[in-house]
Amino acid sequence: MKEAAVGLVTGSDTAPEWLAAATALLGRDPETLVIDTDRALELIGWLSRSVFSHAKTDRSHHDKAGLLDQIQAAQALINTASAIQHVRVAQYAATTETLALHLGGDLGPDADADSDGAGPREHAHDLGHVCEFTDVDLAPVMCWGPMQATRRIEEAVDAVTKTPRLLDEMGAGRLDATRVAQVTWELAEAPDDTCAQVEDLLLDRGLTGWTSRQARNRARTLVRRCDPPAAKAARAKRTKEEIGVFTRPGPENGLSEWTAILRSGQALPAFQAVDELARQLHQDSITGKTLGECRADALCDLILGHADVQTIVNVLVPIKSEPINGEPEPTSDTRTASGDEPTSPVEQVLFDLLADYNWDAALRDLIIDLDQHPGNGSSTTGEFVPGESSPPDDEHHPPDPPDRPPPLREHRPLCLPDVEVPGIGVIPAEAVQEMIRTLGVTLTRALVDWHTGTILETGAATYRPTAAIRRHVMLRDQHCRFPGCDRPAKFCDVDHVTPWPQGPTKPTNLQCLCRHHHRAKHETRWQVTMTPDGTSTWTSPTGREYTTHPGTLEVTADLHVTTGIADDRAES
């Protein structure tokens, strides 16, 4: 089909001939004149890719005027494609699926003649209706995050329902999706008659020739003139959605960026308080700090002076679990959920290690003392390797007293690495050490397989995971495990992959899911399986498969440290 398309298009001299030939390839029904849209999109996509391939090599055939014409033509093509996508997204959002199980009787006039009444059935609502889990289905297909998927669905539905004439301009290639979104944003709370009035005025005044900023400002002015209550409601809605404090990693390691959008009545006195304290700090400083640095210090002082902050440092202790004396490596099944004594040598070491309360104090002393040793914050103490004997009892290695932690052997320098906190950025190792020294810090540790980075697990015989299991799963996953979702694990539920009691309450059967995707897993036809290493495979209702992996735990040193806040949220 593709080869025939090239011959028909390039072998014709007049537009009507090649247009008729191309139309014939679209599978137009002679009775309804409806084209096969799947076939049409396939043909358009192939032609677009062919043009792209030629565009990279035929520059010498076009002058600047010709290049400008093609840039404009490409934008028109993008606009039309965006309009097609808007329509399909709105239609998809308005289509709901139900699992109907009829146990006999009339299935209704819409049922297929050969249908047995079981299985999913679709119902098309009026455009404007949005199924609750539309974003769940669309986000993985389009590689959108949850917030992006929600925004794109809203933009599509608003364009189809609030501004149909602007959508037609998009379809004709004269208007882009950005300008339409700016207008529909201003019409968020406007009734249908106001939307139609503003739409007509915008088109009459030349919307297709404006920038997106001009489109937004003039749409806002028209809404305020045509419907003051709607403008007021839209402003209140925008204000509520915009206000907040947001953080993200800064431009350099060790820096974080804050963005605060406040009501002006709060922002003015808040900044005055920060500025007044900052200028006093700057005047008294003998360290040469800039006024900007002093403002940052003042902000932190004012916030932390009115808050009780606890930091949890999770120390990941790598364990080389090679077989010992021919014994097989322990698996999660060898450790009983009832707390029975372990049986294998390696398991005995891990059991003793976890049970020894002195490890908390030992880890704290070790981390705090790291900068006292040579080698850029490294000590000469190596990692503990299970199954290896203690150093000989001589004058250089006196025997450990019974209340000391398990013996450590010299292997490689032990260093505290930098810590990366999702959404915040990288905290240098020396800053972590200072936090441990000066703040209220809780130290926890988890045993990690040296080779795979997988946290060695424990299990529970009940539906609800223990605090240790929840902590391990959250540390392993780091975020929601649904495809494309990056909501931090501390805001997620801990969900059984295979429902309990068919599936055990063990990390190999638990994953972090945000509440929205947790509900989607249980209320839609999405399916998920998980391998022992924590890799999840999701299957959508349409049969598409997606793979998600646990958060990366790079075990490159003897100790790996992460920071976070404990969160005992509800489980599934």
Side-chain angles (χ1 to χ4, degrees), residues 1-56 58 69-97 122-131 134 137-144 149 152-153 155-161 163-181 208 540-544:
M1 181 186 73
K2 295 176 181 177
E3 289 75 8
V6 174
L8 287 170
V9 172
T10 59
S12 302
D13 296 327
T14 61
E17 293 180 4
W18 67 257
L19 184 60
T23 303
L25 291 174
L26 301 182
R28 183 185 295 273
D29 188 310
E31 297 182 359
T32 64
L33 300 181
V34 174
I35 65 172
D36 183 338
T37 52
D38 289 331
R39 191 175 183 183
L41 287 173
E42 181 182 3
L43 176 61
I44 294 170
W46 180 81
L47 289 173
S48 299
R49 290 188 293 272
S50 298
V51 172
F52 168 71
S53 297
H54 286 289
K56 294 189 297 181
D58 68 346
D69 289 340
Q70 291 204 2
I71 292 171
Q72 188 177 23
Q75 183 60 54
L77 184 62
I78 293 171
N79 296 344
T80 300
S82 298
I84 296 170
Q85 188 181 75
H86 273 24
V87 171
R88 291 310 194 202
V89 168
Q91 293 169 344
Y92 187 88
T95 304
T96 58
E97 183 182 83
E122 295 182 355
H123 176 69
H125 297 269
D126 293 337
L127 293 180
H129 176 88
V130 178
C131 175
T134 299
D137 297 335
L138 279 179
V141 174
M142 303 302 298
C143 297
W144 293 337
R152 296 291 291 269
I153 292 168
E155 290 175 355
V157 171
D158 287 345
V160 171
T161 58
T163 57
R165 290 185 61 194
L166 299 189
L167 182 66
D168 290 342
E169 292 295 312
M170 278 182 63
R174 293 186 289 268
L175 198 59
D176 61 273
T178 301
R179 284 178 286 177
V180 174
T208 55
S540 74
T542 58
R544 300 171 184 263

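For clarity, every value in this text was computed on a predicted model and none was experimentally measured. Positions are given from 1, in the same order as the sequence printed here.
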### Message
Under the rule for salt bridge (Lys or Arg N to Asp or Glu O under 4.0 Å), what residues qualify as partners of Arg544, not counting sequence neighbours?
### Response
none
### Message
Thr134: which residues meet the side-chain contact (heavy atoms from CB on, under 4.5 Å) condition with it, sequence neighbours left out?
### Response
Tyr92, Ala93, Val130, Cys131, Leu138, Ile153
### Message
Are more than 12 heavy atoms, taken from residues, nucleotides or ligands other than Asp126, located less than 6.0 Å from that residue's CG atom?
### Response
no
### Results of side-chain contact (heavy atoms from CB on, under 4.5 Å) for Leu77 - residues two or more places apart only
Ser48
### Task
Begin from the C-alpha positions of Leu167 and Val160 and carry the test side chain to side chain contact (heavy atoms under 4.5 Å, CB included) through to its verdict.
CA-CA 7 Å; Leu167 182 66; Val160 171; 3.8 Å; yes
## Note on the structure
The side-chain hydrogen bond (donor to acceptor under 3.5 Å, both in side chains) partners of Thr542 (sequence neighbours excluded) come to Ser540
### Query
Which heavy-atom pair separates Val180 from Ala159 by the least distance, and what is that distance?
CG1-CB, 3.9 Å
### Message
For the backbone of Ala172 and the side chain of Thr80, can you confirm whether one donor and one acceptor N or O come within less than 3.5 Å of each other?
### Response
no
#### Entry: Any residue meeting salt bridge (Lys or Arg N to Asp or Glu O under 4.0 Å) with Asp176, in chain and number order, not counting sequence neighbours
Arg179
### Task
Output all residues satisfying side-chain contact (heavy atoms from CB on, under 4.5 Å) with Ala81, sequence neighbours left out; order by chain, then residue number.
none
### Message
Nearest 0.5 Å, please: how far is CD in Gln85 from CD1 in Ile78?
### Response
12.0 Å
### Task
Of all the heavy-atom pairs spanning His86 and Ala156, show the shortest one and how long it is.
O-CB, 3.6 Å
### Summary
When rounded to the nearest 0.5 Å, the distance separating OG1 of Thr163 from CG of Asp168 is 9.5 Å
### Message
Holding to side-chain contact (heavy atoms from CB on, under 4.5 Å), I want the full list of residues that pass it with Glu169, two or more places apart in sequence or in another chain.
### Response
Arg174, Leu175, Leu203, Thr208
### Query
Less than 4.5 Å apart, any side-chain heavy atom of Arg152 and any of Val89?
no
#### Entry: Distance in Å, Ile84 CD1 paired with Leu41 CG, rounded so as to fall on 0.5 Å steps
5.5 Å
### Test ring-ring contact (aromatic ring centres under 6.0 Å, His included) applied to His125 - qualifying residues, sequence neighbours left out
His123, His129
#### Entry: Results of salt bridge (Lys or Arg N to Asp or Glu O under 4.0 Å) for Arg88 - residues two or more places apart only
none
#### Entry: With sequence neighbours excluded, residues passing side-chain hydrogen bond (donor to acceptor under 3.5 Å, both in side chains) with Gln75
Asn79
